[in-house]
*Asks:* 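Below you'll find the structure I mean.
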Amino acid sequence: MTFEDHPELAEYEPSDRPLRGRRRTIATRVFVVVALTALVLPGIMLTISIQTDTATGTCAVYARHYAPDSVSSSARFELFAPAGPGWQCYALNTEGDATFVAPLGLIPSTPHALP
């Protein structure tokens, strides 16, 4: 490749100086992090909200069906549960004691028949 092939490079001399300053680079990086957070965070919050509502509703149905003497129900997300990680359903009695009813899984769904 010669300068005749690319006349716009005829007077170009490379330098060690960066194209953008340090402050502009930092500002760009901060902007990118804030923009990505603003794009991703609402989706994560919405997903958690929907899973919580679904788990609570499904747990209420299971508690009514499998523990009819319970006062209320509680759906909790547990990493180290007896049935494995995910949402767990507990029936609560009048003293506040929790009795395990059913595992709801990592992504809770609408109620279905349990074995």
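Quick caveat: nothing in here was measured; it's all calculated off a predicted structure. In this chain, numbering begins with 1 at the start of the sequence shown.
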*Asks:* In Å, rounded to the nearest 0.5 Å, how long is the span from CG of Asp69 to OG1 of Thr94?
*Replies:*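 So the gap between those two atoms works out to 9.5 Å.
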*Asks:* Is there a side-chain contact between Val71 and Leu92, using heavy atoms and a 4.5 Å cut-off?
*Replies:* no
*Asks:* Taking side chain to side chain contact (heavy atoms under 4.5 Å, CB included) as the criterion, tell me which of Cys59, Pro103, Ser74 meets it with Gln88.
*Replies:*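 Looking at Cys59, Pro103, Ser74, the match for Gln88 under the side chain to side chain contact (heavy atoms under 4.5 Å, CB included) is Pro103.
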*Asks:* Just verifying a value: how many Å separate Leu36 CG and Leu41 CG, rounded to the nearest 0.5 Å?
*Replies:* 12.0 Å
*Asks:* Can you measure from CZ (Phe100) to CZ (Arg76) and round to the nearest 0.5 angstrom?
*Replies:* 11.0 Å
*Asks:* For a side-chain contact (heavy atoms from CB on, under 4.5 Å) check, start with the C-alpha distance between Arg24 and Thr28, then their side-chain angles and the critical distance, and finish with the verdict.
*Replies:* CA-CA 6 Å; Arg24 184 167 182 172; Thr28 303; 4.2 Å; yes
*Asks:* For a 4.5 angstrom cut-off between non-hydrogen side-chain atoms, does Leu104 reach Tyr62?
*Replies:*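 SC-SC contact between Leu104 and Tyr62 confirmed.
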*Asks:* Determine the minimum heavy-atom distance between Thr58 and Ser109, stating which atoms define it.
*Replies:*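 Taking every non-hydrogen atom into account, OG1-O, 2.7 Å.
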*Asks:* Please name the pair of heavy atoms, one in Ser70 and one in Ala63, separated by the smallest distance, quoted to 0.1 Å.
*Replies:* OG-O, 3.8 Å
*Asks:* Heavy atoms, side chains only, cut-off 4.5 Å: are Phe77 and Leu106 in contact?
*Replies:*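 Of all side-chain heavy-atom pairs linking Leu106 with Phe77, at least one is under 4.5 Å.
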*Asks:* Could you tell me the separation between the OG atom of Ser72 and the CZ atom of Arg64, rounded to the nearest 0.5 Å?
*Replies:* 12.0 Å
*Asks:* Quick check: is Leu39 connected to Met45 through a chain of hydrophobic side chains (ILVMFWY, heavy atoms under 4.5 Å apart)?
*Replies:*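 No.
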*Asks:* Could you tell me whether the side chain of Ile26 reaches within less than 4.5 Å of the side chain of Arg22, counting heavy atoms only?
*Replies:* yes
